[in-house]
**Student:** 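Shown below is the structure under consideration.
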Amino acid sequence: MIRRISTITVSAAMAGGLLLAAVPAQAATVADQATISVRGAITCDEGKMHKQIADLRDKAFDLDRQGKKAAAKRARAKADALAKKLKQCQDADENNPGPIG
């Protein structure tokens with residue numbers, strides 16, 4: 001009898017855990033899903049990005065001359081990250097087949 005009660009208790013706990021784990025996946029509302037799709041829009045202003053990259057590289061050069069190596073390294077890393085993002089935008093523009101239809 002004790003074995004049967006413990007088995008039933010464990011089964012009930014597992015079923016309850018399964019139900020609790022499944023609820024968050026079903027809890028997303030239509031408004032939440034619309035918000036997610038809006039976040040995907042990315043715009044790239046190439047001229048502005050080129051200027052930001054050049055400014056960051058100049059800043060890194062100046063910081064390097066002043067002996068602030070760590071700050072110069074951070075500025076260069078920001079410039080490199082921005083250059084990478086610019087390259088991704090350019091690649092997306094070149095490889096975009098356009099609207100379907």
Side-chain angles (χ1 to χ4, degrees):
M1 185 71 174
I2 293 175
R3 215 182 228 174
R4 189 176 303 157
I5 292 174
S6 64
T7 305
I8 292 172
T9 305
V10 169
S11 297
M14 289 174 56
L18 180 64
L19 290 176
L20 290 176
V23 170
Q26 302 299 328
T29 62
V30 175
D32 293 338
Q33 292 171 356
T35 304
I36 291 170
S37 65
V38 171
R39 285 187 222 155
I42 298 173
T43 57
C44 297
D45 185 358
E46 289 187 29
K48 183 179 177 183
M49 291 175 85
H50 278 296
K51 181 170 177 9
Q52 288 176 337
I53 292 168
D55 290 343
L56 284 169
R57 293 200 193 275
D58 289 341
K59 180 181 177 182
F61 180 74
D62 291 339
L63 289 169
D64 221 3
R65 281 191 315 180
Q66 295 172 5
K68 299 177 181 176
K69 302 293 183 187
K73 185 176 180 181
R74 282 192 301 272
R76 259 189 238 100
K78 286 181 184 179
D80 292 343
L82 201 54
K84 183 177 178 182
K85 184 177 177 182
L86 177 63
K87 175 87 170 108
Q88 289 172 345
C89 288
Q90 290 170 340
D91 289 345
D93 287 341
E94 291 171 8
N95 298 325
N96 188 0
I100 299 173

**Student:** Can you tell me how far the CG atom of Leu56 sits from the CG atom of Leu82, to the nearest 0.5 Å?
**Tutor:** 6.5 Å
**Student:** By salt bridge (charged side-chain N to carboxylate O under 4.0 Å, His left out), which residues pair with Asp45, not counting sequence neighbours?
**Tutor:**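 Listed in chain order: nothing, the list is empty.
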**Student:** Considering all heavy atoms of both residues, which atom of Asp93 and which atom of Glu46 are nearest to each other, and what is their separation?
**Tutor:** OD2-OE2, 4.0 Å
**Student:** Could you pull out every donor-acceptor pair under 3.5 Å between side chains of residues 67-80 and any protein atom, sequence neighbours left out?
**Tutor:**
unit_1, atom_1, unit_2, atom_2, d
Lys69, NZ, Asp64, OD1, 3.1
Arg76, NH2, Asp64, OD2, 2.9
Asp80, OD1, Arg57, NH1, 3.1
Asp80, OD1, Arg57, NH2, 3.2

**Student:** Can you tell whether the side chains of Lys59 and Asp55 come within less than 4.0 Å, N to carboxylate O?
**Tutor:** no
**Student:** Identify which one of Gln52, Lys51, His50 satisfies the side-chain contact (heavy atoms from CB on, under 4.5 Å) criterion when paired with Lys48.
**Tutor:**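 Of all the options given, the one that passes is Gln52.
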**Student:** Could you grab the distance from atom CD1 of Ile53 to atom CG of Asp58, nearest 0.5 Å is fine?
**Tutor:** 12.0 Å
**Student:** Nearest 0.5 Å, please: how far is NZ in Lys85 from SG in Cys44?
**Tutor:**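 Result: 6.0 Å between the selected atoms.
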